[in-house]
Amino acid sequence: MHADLSRLTFRPERHYSAVVAQQGRVQLDADANEQTAIQLHQARTLAADLIGRHGGPAADAGFHITFKGGSRDLDDLIIEGGRYYVDGILCDATRPRPAAAVDHEAPEGAPGKEGEADASEPDEPPATWTYWDQPDAYRDPERPGDRLPEQRPFLVCLKVWERSVSAAEDPALREVALGPAMPDTAARVKVVWQVLPLEGSALGLENPDGATKDQVGKAFEAWAGKATAPASRLAARAERPEHADQDPCPVRPDARYRGPENQLYRVEIHEGGTAREATFKWSRENGSVVFPVDELDGTWVELATLGGDDKLDLNVGDLVEFADTASTSRGEPLPLLRVEEVDPPGRRVRLSGEPEPGVGRRPELRPFLRRWDHREGTRRPRKGAAARLKRGALRVEEGRWLPLEDGVEVYFAADGTYRAGDHWLIPARTATGAVEWPVNAARTPLLQPPAGIEVHYAPLAWVTAEQAELDLRMVFGPLATPAPAADAAALAAEAEAEAEAEAEARAEEA
């Protein structure tokens, strides 16, 4: 998650069941976040063990899919409300109902008096979602790739993942009583669900038209296993840079990490693909430095703030990602733009180019700039390697150590396949002059899969023809059942015991 964190310490293989606070100790964000992670892990593991990979309650199972084909309009899907669990993660498709406004008494002669309908009254919103208006998918009818497949059959699946949300995207998270000069407080993690199509050919079925529910389900499980399996690995270390003796900063002479402050470095894949195609970006602040956008005018961007201090501000030469809620939810990499000019009095910056069409033009999608800390020329590539940035991001180079800054280096394993959004977190500490990274007995850094994004899939429907769907969902019933009535033998034994007790009582009285 893109949040201002010291580090993430939760490791399921350590089998910790709780975080125990001690009196008189410093309270750290990592401890509180680990407690949350432990509880989520326990709850979701229990749910997945009881429910299975996916399923919904029989009385209120959500995400029932109805295909709606149209000769003139674009094909659509009706997504019915209810709850559904994917790998223990709760997804709720219930469409919120709008609250009722205060009903002011209309003056005499005003429209709407005496039962007359007000022409300005908005239409009642639908009770269900559709493929085109589902809340976190942001499908665009103008994009051919977003439309439902024309070739039948195709599968409708549920994609589930989580992302962080800060006050830049949800201003309601900010406590206004703290004043505009104070930073925001805690961020949030949001469950994102998206109903998406998958072409039937991707499942490799021998007879797609005549496939049974069980065959489609097994083929989808195989596809989802490949789609979610980690396909890239990275290692990190801190090495004392050359010419470190000439460093004017007051750092220990033997320190390998030469930065003046503790940092949480984030290395994130920008564009996916093979090593030839993939690029990455990095941030020393875990990508948490964001600036809400108030207005966009060509390449000039007016911001709500330019940052709280010199560490968290924008300067000429910085690379930024112009994004909004829709582009973040879609997970599509956007070109990184360079800050060419800063206008502090006007809270404006001029970028090296205009943002992508359709991004940042709608205020309700909360556009923002996210700062990344790499620069062109940050590292010196070997002879023959590509030195220039690709769409503002660094090119992935496998099989050698790549310097970031202040002695921090990363290593991409050979033959990796990279996905946009995959990331690794590297805590760097001045107290040790090193980074925190797993090593073997010989103190050699170990290659690690990405820390995220974890994506989960579940099959919903198999659309075979017009107005025909095969429901692929699973349902479960409640565990609780009525207490059984006592049988005749138990009732007789109870009556005999009561009779014996009464007889003993009478004998004692006599």
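The structure presented is a predicted model; accordingly, all values stated were derived computationally and were not measured.
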Query - side chain to side chain donor-acceptor pair (under 3.5 Å) between E321 and H270, worked out - result: CA-CA 10 Å; E321 186 175 2; H270 187 62; 4.8 Å; no

Counting only heavy atoms not in [X], do more than 12 sit closer than 6.0 Å to its [atom1] atom?
{"X": "R25", "atom1": "CZ", "answer": "yes"}
{"X": "E277", "atom1": "CD", "answer": "yes"}
{"X": "D415", "atom1": "CG", "answer": "no"}
{"X": "D310", "atom1": "CG", "answer": "no"}
{"X": "R347", "atom1": "CZ", "answer": "yes"}
{"X": "E199", "atom1": "CD", "answer": "no"}
{"X": "Q23", "atom1": "CD", "answer": "no"}
{"X": "E150", "atom1": "CD", "answer": "no"}

Looking at [X] and [Y], does any basic side-chain N land under 4.0 Å from a carboxylate oxygen?
{"X": "R14", "Y": "E34", "result": "no"}
{"X": "E436", "Y": "R7", "result": "yes"}
{"X": "E397", "Y": "R395", "result": "no"}
{"X": "R139", "Y": "D133", "result": "no"}
{"X": "E268", "Y": "K281", "result": "yes"}
{"X": "E285", "Y": "K311", "result": "yes"}
{"X": "R44", "Y": "E162", "result": "yes"}

Report task. Start with the C-alpha gap between Y418 and F280, add the side-chain angles, then the distance that decides, and say whether ring pair (Phe, Tyr, Trp, His ring centres under 6.0 Å) holds. Result -> CA-CA 10 Å; Y418 303 89; F280 74 99; 9.2 Å; no

Requested in this report: Apply side-chain contact (heavy atoms from CB on, under 4.5 Å) to the pair H456 and T228, showing each step before the final yes or no.
Outcome: CA-CA 7 Å; H456 310 264; T228 57; over 6 Å; no

Report task. Please test Y84 against W193 for ring pair (Phe, Tyr, Trp, His ring centres under 6.0 Å), starting from the C-alpha separation and ending with a verdict. Result -> CA-CA 10 Å; Y84 207 72; W193 60 260; over 10 Å; no

Query raised in the report: Does the pair L40 and F10 meet the rule for a side-chain contact (heavy atoms from CB on, under 4.5 Å), with working shown?
Result: CA-CA 11 Å; L40 268 179; F10 174 64; over 6 Å; no

Taking every non-hydrogen atom, the tightest pair across [X] and [Y]:
{"X": "P335", "Y": "E356", "value": "CD-CG, 3.6 Å"}
{"X": "I453", "Y": "D422", "value": "N-OD1, 3.8 Å"}
{"X": "D140", "Y": "D146", "value": "N-OD2, 2.9 Å"}
{"X": "P445", "Y": "W437", "value": "CB-CD1, 4.0 Å"}

Requested in this report: Mind running side-chain contact (heavy atoms from CB on, under 4.5 Å) on I426 and Y257 for me, showing each step along the way?
Outcome: CA-CA 12 Å; I426 309 168; Y257 168 58; over 6 Å; no

Query raised in the report: Going through the distances and angles, do W372 and L394 end up as a side-chain contact (heavy atoms from CB on, under 4.5 Å)?
Result: CA-CA 11 Å; W372 296 95; L394 299 165; over 6 Å; no

Report task. Consider only side-chain N and O atoms of S329 and D136, and report whether a donor and an acceptor are under 3.5 Å apart. Result -> no

Query - Short side-chain donor-acceptor distance under 3.5 Å, N286 and R266 - result: yes

Does a side-chain heavy-atom distance below 4.5 Å link [X] with [Y]?
{"X": "L402", "Y": "R400", "answer": "yes"}
{"X": "V293", "Y": "F322", "answer": "yes"}
{"X": "V410", "Y": "W282", "answer": "no"}

Query - T325: which of R330, E169, R362, R366 passes side chain to side chain donor-acceptor pair (under 3.5 Å) - result: E169

Report summary line: side-chain contact (heavy atoms from CB on, under 4.5 Å) with V339: of V301, N315, V320, only one passes, and it is V320

Report task. Decide side chain to side chain donor-acceptor pair (under 3.5 Å) for N33 and T36; before the verdict, give the C-alpha distance in whole Å, the side-chain angles of both, and the deciding distance to 0.1 Å. Result -> CA-CA 5 Å; N33 292 335; T36 300; 5.3 Å; no

